[in-house]
Every structure is written in C-alpha cells, then in structure tokens.
Amino acid sequence: MSDGEMARLPDIGLQALLERVDEVGDCLVWNRYSLDGLHPQWRIGGRGGRLWNVQRLLWLLVRGPVEEGFQIGVSCGTERCVHPDHLAARTRSQACVGKPKAPDHRIRIAMARRARATLTADGVNAIRASTESCAVLDERHGLSRGYSSQIRKGNKWRQSGGHFDGLGGRRAS
C-alpha cells in the first residue's frame, strides 16, 4: 500500500480501541458497526471523519504498510476479531478459498464453460434421446467417462427455459 495511507493514520489511543471490543477467548471481537456484519468499521474524526476498516487500521499501526495486492483478514476464523496477532495479509484468491460462490456467480461460470464446450445443445438432446449405453455415447462425443450419464440424470446440462421451469418439481394435489 502507498506510504500516503501511512501518513494519514489517525492518532488513536489504546483505551479508545479497548472500549470498542469484547474479549472472547483469545480474540478481541469488535462490538461496534461492522459492514455486512463481518468487516469491523470505525469512523474516526466525527461525522466528517474517515471510515476505517479496523483490521486494516490495526495492521498499519502495528506492522506498517500492506503490500500491493493484499488485503487484511483474520487467521482465527472470527470475522470481527481485531486482535493484532490474529490478523493476516493475503491475496483475494487466498481469502476466498473455501467460501461458497453466490448462485449468480456459479451460473456465470457454467455459461462460460458451455461457451467453450465442444458439446452443443443438439448433442445433449441426442444423448438424452439415445438408447445406446453411456460408454458408447461418451466415446462418440469425446466426453469423460460417465458424463453422458450425468446429462441423462439432469445433473449436467440442466434444461432451462421450459414452460414449467421454476415450479420446483411440485406434485399435483
């Protein structure tokens, strides 16, 4: 991070910080405003002051500038923890490991894969309509073993845009 951010660091006292945390185990959990309930925020300087990410602020105060391309998170698993020993600098991709993707993001990934795929919608329909074994179909279409079976079951290449989409498999009463 730029040295300009270091030059703009507020002068905060330890007592002011300790008034805003609860000690839970070995964590210091922020008890004030947190963006989305996860990212501790602190407006320093009154109404016109700057809103700081507390974890980043503490990193800057304790360890100095943050390397370009890194963000500050916690290593303890408590998202609102601001204990300086629990803070970790990591890339965005490292921070996202193990976190589920949003449904719209998963759809965009699937659509991009389909755009690059050698299998077309006509090929999928042919697989669904065929009475041949899945092994033969996999070989013919250049698919990995068992992929045509997943297509037939509806686990891969789900159909969309039909008249009854969105009904969620409701049963007639």
Side-chain angles (χ1 to χ4, degrees), residues 1-2 4-5 24-25 27 29-30 32-42 50-60 63 65-83 85-173:
M1 186 45 61
S2 68
E5 189 172 37
V24 179
C27 292
V29 179
W30 188 251
R32 301 293 172 94
Y33 173 71
S34 294
L35 180 66
D36 298 329
L38 299 175
H39 310 287
Q41 305 287 309
W42 187 8
R50 177 177 170 185
L51 187 64
W52 286 85
N53 177 302
V54 180
Q55 293 165 338
R56 184 176 191 85
L57 175 63
L58 286 174
W59 182 278
L60 293 168
R63 298 192 180 147
V66 179
E67 287 184 49
E68 189 69 34
F70 282 77
Q71 58 188 29
I72 306 302
V74 291
S75 58
C76 62
T78 306
E79 293 291 337
R80 291 181 16 230
C81 179
V82 295
H83 195 295
D85 294 340
H86 297 185
L87 300 179
R90 54 195 175 191
T91 63
R92 181 181 170 100
S93 61
Q94 290 170 334
C96 292
V97 168
K99 294 189 178 179
K101 292 178 175 49
D104 62 329
H105 186 68
R106 288 195 311 264
I107 290 169
R108 283 195 303 272
I109 291 171
M111 296 303 286
R113 284 183 181 158
R114 282 189 186 168
R116 294 188 311 262
T118 57
L119 190 60
T120 63
D122 291 335
V124 170
N125 291 333
I127 290 171
R128 289 190 176 124
S130 177
T131 58
E132 293 179 295
S133 71
C134 291
V136 171
L137 293 170
D138 288 339
E139 183 69 31
R140 180 181 305 140
H141 293 281
L143 304 173
S144 59
R145 186 174 161 212
Y147 197 82
S148 61
S149 174
Q150 295 294 316
I151 291 172
R152 283 182 174 172
K153 290 178 186 175
N155 295 334
K156 303 287 182 184
W157 278 82
R158 292 188 180 127
Q159 291 179 333
S160 61
H163 296 293
F164 301 106
D165 274 359
L167 293 179
R170 297 182 195 162
R171 292 186 179 144
S173 301

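All residue numbers refer to positions in the sequence shown, counting from 1.
- If you take OG on S34 and CD on Q55, they are separated by 8.5 Å, rounding to the nearest 0.5 Å.
- Cation-pi geometry between R63 and W59 is met: the NZ or CZ atom falls under 6.0 Å from the ring centre, inside 45° of the normal.
- At least one donor-acceptor pair closer than 3.5 Å links the side chain of R152 to the backbone N or O of S130.
- With hydrogens and angles ignored, the 3.5 Å screen pairs no side-chain donor or acceptor of Q71 with any backbone N or O of R90.
- You'll find the side chain of L60 reaches within 4.5 Å of the side chain of W52, heavy atoms only.
- When atom types are taken as modelled, the side chain of D138 and the backbone of L143 share no donor-acceptor pair closer than 3.5 angstrom.
- Using a 4.5 Å heavy-atom threshold, the side chains of I151 and L119 count as touching.
- You'll find the side chain of S75 stays beyond 4.5 Å of the side chain of L87, heavy atoms only.
- Remark: R32 fails to qualify as a cation-pi partner of W30 under the 6.0 Å distance and 45° angle criteria applied to the six-membered ring.
- Scanning all heavy atoms of the two residues, the minimum distance from L38 to P40 falls at O-CD, 3.4 Å.
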Criterion side chain to side chain contact (heavy atoms under 4.5 Å, CB included) on L57 and N53, from CA distance to verdict: CA-CA 6 Å; L57 175 63; N53 177 302; over 6 Å; no

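- Of the possible donor and acceptor atoms, one in the side chain of Q41 sits under 3.5 Å from a partner among the backbone N and O of H39.
- For the pair T91 (side chain) and F70 (backbone), a donor-acceptor distance under 3.5 Å is absent.
- For the atom pair NE2 (H105) and CZ (R108), the distance works out to 6.5 Å, reported to the nearest 0.5 Å.
- Summarising the geometry of C81 relative to V74, their closest heavy-atom pair is O-CG1, 3.3 Å, with the distance given to 0.1 Å.
- Evaluated for a side-chain contact (heavy atoms from CB on, under 4.5 Å) with H141, the options T120, I127, V124, V136 yield exactly one hit, I127.
- With a 6.0 Å radius and a threshold of 12 heavy atoms from other residues, nucleotides or ligands, Q94 has its CD atom above the threshold.
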